[in-house]
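Here is the naming used below: chain letters follow the sequence lines, and residue numbers restart at 1 for every chain. Because the structure is a prediction, the values reported are computed rather than measured.
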There are 2 protein chains.
Amino acid sequence: MPRKTATATPPKVAAKKAASRTAVPKKAAAKKAPADSGTKSERTRQRVLDAAAHVLSVKGYAGMRLSDVAEEAELQAPAIYYYFKSREDLIEEVMYSGIAAMRQHLVEVLDAAPDGIDPLERILLAVDAHLRHELEISDYTTASIRNAGQLPDAINKRQQAETKKYGEIWRDLFTRASADGAIRTDLDPYLAQMLVMGALNWAAEWWSPRRGSLDTVVETAQSIVRNGLAPA
Amino acid sequence: MPRKTATATPPKVAAKKAASRTAVPKKAAAKKAPADSGTKSERTRQRVLDAAAHVLSVKGYAGMRLSDVAEEAELQAPAIYYYFKSREDLIEEVMYSGIAAMRQHLVEVLDAAPDGIDPLERILLAVDAHLRHELEISDYTTASIRNAGQLPDAINKRQQAETKKYGEIWRDLFTRASADGAIRTDLDPYLAQMLVMGALNWAAEWWSPRRGSLDTVVETAQSIVRNGLAPA
DNA sequence: CATGGAATTTAATTTATGTTAAACTCGCCC
DNA sequence: GGGCGAGTTTAACATAAATTAAATTCCATG
């Protein structure tokens with residue numbers, strides 16, 4: 001039961017030769033890609049992307065076969081080339097949109113937080129956002145997380161940049177909290193950040209709804225992080 | 001600069017047809033496989049295994065090519081078949097010995113701990129052991145950790161069993177600590193365990209000696225875990 | 001120093017899978 | 001209702017590995 005999510009990047013379809021065919025029907029692309037709908041073409045493309053994200057999150061970068069993706073998207077493998085220039089391109093897009101969506105989500109959550117909130121509380125908000133997005137919402141995120149380390153540098157550029165940005169948000173959270181005295185001074189903020197993020201990232205490896213409610217996981221993680229970081 | 005470690009399983013070489021050739025010279029296998037030495041054959045086998053562990057830890061299960069392994073072990077790919085029945089067999093052994101060695105290490109460390117030590121302190125010992133073994137000692141462990149989720153079930157049996165055993169040691173640590181009141185009662189021991197182990201496992205993804213000393217990482221992790229779990 | 005088996009190599013085979021090329025289908029517009 | 005192009009399929013191709021076979025080197029022992 002594949003999860004999906006991660007609104008596709010703009011139309012910009014057509015990969016073929018020298019863009020001789022148009023691929024995007026004149027209809028003009030819907031500006032907001034409302035959930036699922038859009039042109040038939042857009043929906044198919046999305047299905048391929050979703051399938052790729054799912055396969056990728058399960059079998060990993062090198063293990064993802066186009067035939068698997070095709071099967072899950074319910075079309076034939078060569079059809080994929082109508083939408084993507086190559087296997088690597090497809091993967092690239094999944095990986096990129098994975099963290100991109102994650103970052104967007106985190107930014108939204110943080111922006112919605114009341115002003116003057118305690119810096120440590122902001123970290124806990126991030127814990128909530130990260131965990132929920134990873135476990136509940138998106139195969140894309142799982143794919144990004146699990147395969148980041150195994151990608152050939154070629155595909156990596158865009159994702160790496162995005163990952164860096166994402167990490168910087170977290171870094172900010174930690175350095176501020178540290179500066180404000182909301183985090184124990186014996187803790188290196190960078191190491192603390194990486195350890196916390198690790199605990200969250202790894203959750204994709206073991207958690208499933210059968211392991212208990214996501215709410216409980218989030219609460220437990222928050223509780224450990226709060227107490228783990230806060231001064232006595 | 002590949003790390004290795006994980007004393008090979010007994011000789012039991014020869015995979016060929018119906019074990020027509022002996023592969024293990026009459027010399028009789030050294031009982032304890034002292035570090036590196038042993039028959040020339042044994043050493044070569046070990047080199048292949050080490051190379052496989054390294055490649056596996058970097059490129060992942062599906063990404064590991066026999067030619068990569070061969071290159072790193074300084075021989076030709078087909079030579080690998082003199083020692084292993086198949087690529088999968090080779091991988092299986094790396095993955096298995098990865099956690100097996102890890103478990104052995106953890107057991108030793110815990111056994112060496114003074115009696116009556118605080119249950120929470122025992123967890124911190126485990127944190128130290130896990131982290132150091134993962135980051136300092138063994139490509140095998142890294143390979144096991146990073147690829148556990150992507151292995152076809154076929155190869156998985158032995159490793160899975162070992163992983164379970166390893167997890168049980170940790171589970172014991174947590175349930176005891178919890179029962180003893182050394183861990184806050186609002187924490188689900190299982191979830192706490194998984195989150196902590198996640199933070200440690202993930203360290204393989206980001207840590208390198210250039211990221212600061214391993215000692216600091218260990219101390220930081222212990223500090224967060226201690227405060228994260230201990231009652232007020 | 002010749003011989004036999006251990007260890008390893010080069011050459012050949014097989015198979016899987018990404019990719020391309022060439023049709024084919026089907027709905028829409030004139 | 002004929003044609004055209006978007007979308008998709010089937011057939012063909014190319015290549016990269018894994019595996020196997022055959023040939024070769026190495027080395028201990030007689």
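Between S41(A) and dG7(D) there is a side-chain polar atom (N or O) within less than 4.0 angstrom of OP1 or OP2. Contact annotation: T44(B) side-chain N/O to dA7(C) OP1/OP2 distance is not under 4.0 Å. Between dT8(D) and Y82(A), no contact under 4.0 Å exists linking OP1 or OP2 to a side-chain N or O.
With hydrogens and angles left out, the side-chain atoms of Q104(B) and E108(B) include a donor and acceptor closer than 3.5 Å.
If you take CG of D89(B) and P of dA18(D), they are 14 Å apart, rounded to a whole angstrom. Straight-line distance from the CG atom of L66(A) to the P atom of dA16(C): 17 Å, rounded to whole Å. Atom CD in E88(B) sits about 14 Å away from atom C1' in dA16(C), given to the nearest Å. As a whole-Å value, the separation of R87(B) CZ from dT15(C) C1' is 14 Å. The distance from atom CD of E71(A) to atom P of dG18(C) is 13 Å, rounded to the nearest whole Å. Atom NZ in K85(A) sits about 17 Å away from atom P in dG18(C), given to the nearest Å. Remark: P of dA6(C) and CZ of R45(B) are 17 Å apart, rounded to the nearest angstrom. Nucleotide dG18(C) holds its P atom 15 Å from the CZ atom of F84(A), rounded to whole Å.
V55(B) and M64(B) get closest at one heavy-atom pair: CG1-CG, 3.4 Å. Pairing each heavy atom of L214(A) with each of R132(A), the nearest pair is CD2-CA, 4.3 Å.
Ring orientation note: the planes of H105(A) and H133(A) are tilted relative to one another, at an angle of 30° to 60°.
Counting heavy atoms from C-beta outward, E72(B) and D68(B) have side chains that stay 4.5 Å or more apart.
With sequence neighbours excluded, no residue satisfies salt bridge (Lys or Arg N to Asp or Glu O under 4.0 Å) with R87(A). Partners of E92(A) according to the salt bridge (Lys or Arg N to Asp or Glu O under 4.0 Å) rule, which considers only residues two or more places apart in sequence or in another chain, are R158(A). Residues passing the side chain to side chain contact (heavy atoms under 4.5 Å, CB included) test with M194(B) are W206(A), Y190(B), sequence neighbours excluded.
For R65(B), counting side-chain heavy atoms from C-beta on, the closest listed nucleotide (dA17(D), dT8(C), dG7(D)) is dA17(D). With dT19(C), dA7(C), dA6(D) as the choices, the nucleotide that has an atom nearest any side-chain atom of S86(A) turns out to be dT19(C). Nearest nucleotide to the Y83(A) side chain, out of dT19(C), dT8(D), dT19(D): dT8(D). For Y81(A), the listed nucleotide lying nearest its side chain is dT19(C); candidates were dA6(D), dT19(C), dA6(C).
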N/O to N/O distances under 3.5 Å, protein versus nucleotides 12-14 of chain C:
none

Produce the list of close N/O pairs, under 3.5 Å, pairing protein atoms with atoms of nucleotides 9-14 of chain D; give distances to one decimal.
unit_1 : atom_1 : unit_2 : atom_2 : d
dT9(D) : OP2    : Q76(A) : N      : 2.8

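In summary, R47(A) and E74(A) do not engage in a salt bridge, as defined by a charged side-chain N under 4.0 Å from a carboxylate O.
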Output a table of donor-acceptor pairs, distance under 3.5 Å, between side-chain atoms of residues 145-153 of chain B and any protein atom two or more places apart or on a different chain; print 'none' if there are none.
unit_1  : atom_1 : unit_2  : atom_2 : d
R146(B) : NE     : E205(B) : OE2    : 3.0
R146(B) : NH1    : S57(B)  : O      : 3.2
R146(B) : NH2    : E205(B) : OE1    : 3.1
N147(B) : OD1    : Y61(B)  : N      : 3.0
N147(B) : ND2    : L56(B)  : O      : 3.1
N147(B) : ND2    : A143(B) : O      : 3.0

